Undergrad: 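My questions will all concern the structure given below.
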Amino acid sequence: MSTFIETIVAVAAETPKGMTTGEPHQPVRRQWREIVEKARGGAAELVASGLRPGDAVAILGAELSQAVHAAVSVWLAGGSTTMLHEPGHRANPEAWQASTLHALRTVDASLVLLGRPYEPVAELLRARGYDARLIEELERPDADTTFAPVQVGEDAPILLQLTSGSTSEPKAARITHGNLMANLRDFTRARDFGRPDDVLVSWVPLFHDMGMVGCFIGSMVSGMELVAITPVEFLRYPGLWQELMHKYRGTITAAPNFAYLLMARQLANTEPGSLDLSCVRIMGNGGEPIDADGMHMLETVGARFGLDPRVLAPVYGAAENGVLITMASEGDGVIIDTVDAAALEKDRRAVPADPGAAPSEVRRFPLLGYVLPSVSARIVGEKGEVLGEREVGGVQLRGASVTGSYCTEDGVVPATDADGWLDIGDDGYFVGDRLVICGRRKDVIIMGGRNIFPTDIERAATAVEGVRAGNVIAVRVAEDGAGGIQKEGFAVLAESRQHADPEAAERIRDAVAARVLSDVGVRPARVVVLPPATLPKTSSGKLRRSAALNLL
């Protein structure tokens, strides 16, 4: 029997802890014991209807209690799960349908389980030849809750985790039981998940590795309390996140950087003392580039509510590794490495900057913690040579938690080279034993011999008044140089609520160009001011630069 299945069954039988869903309207709490017992009945139904060990099952449902029941039922039945992306409020129905069908082909789904409010999708899927069932069919009152989990080995798949599609054609990381348990052991032990008073508060969706592995499965394996809300509730009112930490005495949370920028702005407009966040001990920040200035703002305004700045924990992760690759030590807080821009961009070296250097002469990166025990990481140069400390190159991973393959429409393909190394697609460097990520390799903008990461441009633009935080994209474009020769440049696309006011939009364009020139030392070829909800993003909220270029 897989160690993961043995663990969730054993922990559920022993702990009184559980999961609360339904906030802020109708909160319902279920013990992990109840969740696993109910899932035994769901697994029995799946096996009786023909599900075989290793079969891929896709799940689509907005109601967390249903989605969780479906996932655990599939695992106990020996199958693997893929959480399908829900359509966002601005999703084009035809595009969402096409991407959903692509995902089903990618993972070669043998079954699709549908929960509220997506039951009507069953008819569409059946017309396309898929076996589609409603999750409520797994909730029969006479189901066999004594069903013994199907035995599967450590090499069997448990998660076919769809990658974001932010930089390439979407595919799925094939995570085995062994991969998953290695990563769970790593990060739950690294920060001592499951202390008697631990409560994890999350809004991150289950189709994101942070929400599924880091928050839901991490809580279940650790036997700790979980309070989970949907992304819809969070985006409807971002302040709910910190209010639930206050209400439930949350000690752990995790989210992408943009959410912490929203938290800082919310707290800045909240009556001091109305919330008590002194209970929090870990705030994991990962999934997208971390804004050092935004974290400093959160430290400042959070102090009014008892938030200890040392709990802010920059992390680095990827679906290919379950979730987490690095984690900061307790009490580290946000540590910024300030490096010389010229050495970074021309020589590919992260040289500490002079204290009096101007903003345009430096780049600031957060240290993302230490590589977890079951992962080896290295930095590799353009010729495949292993680089030393503070030398910038491609990040490669190898270890027990690293996937060995991807699922694609053309079948399963290797994810690693002959020696087991996975190229994750990011550029970075080491400071001692701590990892720094500079950005995605394929997004680098080359100007005058400088390798400029678009995240530096985007941070500068975000600082302009009127620009929506987390809603700026810098993309490479060709521009005419001397003698009509084409050279590489870049454009900045920024969302603003003032886009319809011609004078305000012109002010924002000028201010963005000036700020980028001041902070980064290069001027954009174009600045475009767009309405809110215009920029293309993945289902997990990451900016899609290739699609933004098409938009431009």
Side-chain angles (χ1 to χ4, degrees), residues 20 22-25 27 88-90 199-205 208 210-211 215 226-315 333-334 366 458-459 461-472 494-498 532-533 535 537 540-543:
T20 297
E23 284 280 9
H25 309 295
H89 67 280
R90 57 185 179 181
V199 178
L200 195 153
V201 178
S202 173
W203 59 265
V204 185
H208 192 290
M210 181 185 287
C215 297
L226 171 64
V227 178
I229 59 173
T230 65
V232 171
E233 293 296 347
F234 167 72
L235 293 172
R236 183 176 290 141
Y237 172 47
L240 177 62
W241 185 25
Q242 52 262 33
E243 289 177 9
L244 292 177
M245 290 183 222
H246 166 84
K247 176 179 177 179
Y248 288 93
R249 312 311 297 149
T251 61
I252 303 173
T253 194
N257 183 77
F258 85 89
Y260 290 105
L261 298 180
L262 290 177
M263 177 185 286
R265 294 180 179 184
Q266 288 277 335
L267 291 178
N269 295 308
T270 301
E271 184 69 26
S274 59
L275 296 174
D276 178 12
L277 300 180
S278 62
C279 50
V280 181
R281 70 180 186 90
I282 302 173
M283 279 188 164
N285 184 339
E288 61 186 27
I290 295 169
D291 183 337
D293 293 333
M295 292 305 95
H296 178 67
M297 179 182 176
L298 180 56
E299 290 173 349
T300 302
V301 299
R304 306 176 195 167
F305 305 91
L307 186 67
D308 186 337
R310 294 173 298 177
V311 308
L312 301 180
V315 300
V334 180
E458 290 157 3
R459 288 191 190 103
T462 298
V464 171
E465 183 180 355
V467 173
R468 298 183 70 221
N471 291 276
V472 179
E495 291 184 0
S496 174
R497 299 189 189 283
Q498 302 172 37
L535 290 177
K537 295 184 178 183
S540 57
K542 293 181 182 179
L543 299 168

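These numbers come from a predicted model, not from an experiment.
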Undergrad: With a 3.5 Å distance limit and no angle check, can you tell me whether Glu288 reaches the backbone of Phe258 through a side-chain donor-acceptor pair?
TA: yes
Undergrad: Do Met295 and Pro366 have side chains that approach each other closer than 4.5 Å (heavy atoms only, starting at C-beta)?
TA: no
Undergrad: Enter the distance from Ile229:CD1 to Leu235:CG here, rounded to the nearest 0.5 Å.
TA: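 Here the rounded value is 9.0 Å.
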Undergrad: Could you check Asp276 against Arg249 for salt bridge (charged side-chain N to carboxylate O under 4.0 Å, His left out), going step by step and ending with a plain yes or no?
TA: CA-CA 8 Å; Asp276 178 12; Arg249 312 311 297 149; 2.9 Å; yes
Undergrad: For Ala254, give me all partners under side-chain contact (heavy atoms from CB on, under 4.5 Å), at least two apart in sequence or on another chain.
TA: Met210, Cys215
Undergrad: To the nearest 0.5 angstrom, please state how far the OG1 atom of Thr300 sits from the CG atom of Leu267.
TA: 11.5 Å
Undergrad: Would you check if the side chain of Tyr248 reaches a backbone N or O of Leu200 as a donor-acceptor pair within less than 3.5 Å?
TA: no
Undergrad: Without swapping roles, check the side chain of Glu495 against the backbone of Leu535 for a donor-acceptor pair under 3.5 Å.
TA: yes
Undergrad: Just verifying a value: how many Å separate Glu458 CD and Asp291 CG, rounded to the nearest 0.5 Å?
TA: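 If we round to the nearest 0.5 Å, Glu458:CD and Asp291:CG are 11.0 Å apart.
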Undergrad: By ring pair (Phe, Tyr, Trp, His ring centres under 6.0 Å), which residues pair with Phe234, not counting sequence neighbours?
TA: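 Scan of Phe234 (ring pair (Phe, Tyr, Trp, His ring centres under 6.0 Å), adjacent residues dropped) gives Trp203, Trp241.
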Undergrad: Using 0.5 Å steps for rounding, measure from the CZ atom of Arg468 to the CD atom of Gln498.
TA: 12.0 Å
Undergrad: Which value, rounded to the nearest 0.5 Å, describes the distance between Arg265 atom CZ and Thr270 atom OG1?
TA: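 Answer for the CZ-OG1 pair, Arg265 versus Thr270, is 14.0 Å.
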Undergrad: Check whether Thr253 reaches the backbone of Val201 with its side chain - one donor and one acceptor, N or O, closer than 3.5 Å.
TA: yes
Undergrad: Taking side chain as C-beta onward, heavy atoms only, is Gln266 less than 4.5 Å from Tyr237?
TA: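 In short, these two side chains touch, coming nearer than 4.5 Å.
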Undergrad: Taking the side chain as every heavy atom from C-beta outward, state whether Met263 and Leu298 have any atom pair closer than 4.5 Å.
TA: yes
Undergrad: Would you indicate whether His246, at its atom NE2, is surrounded by more than 12 heavy atoms from other residues, nucleotides or ligands within a distance under 6.0 Å?
TA: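 For His246, atom NE2 is crowded (more than 12 foreign heavy atoms under 6.0 Å).
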Undergrad: Do Met283 and Leu307 touch side chain to side chain, with heavy atoms closer than 4.5 Å?
TA: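 Yes, their side chains come closer than 4.5 Å.
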Undergrad: Would you check if the side chain of Asn471 reaches a backbone N or O of Val467 as a donor-acceptor pair within less than 3.5 Å?
TA: no
Undergrad: Does any part of the side chain of Asn285, heavy atoms only, come nearer than 4.5 Å to the side chain of Leu312, both counted from C-beta?
TA: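 In short, these two side chains do not touch, never coming nearer than 4.5 Å.
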Undergrad: Is any side-chain heavy atom of Arg459 less than 4.5 Å from a side-chain heavy atom of Pro289?
TA: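 When only atoms from C-beta onward are counted, Pro289 and Arg459 do touch, with a gap below 4.5 Å.
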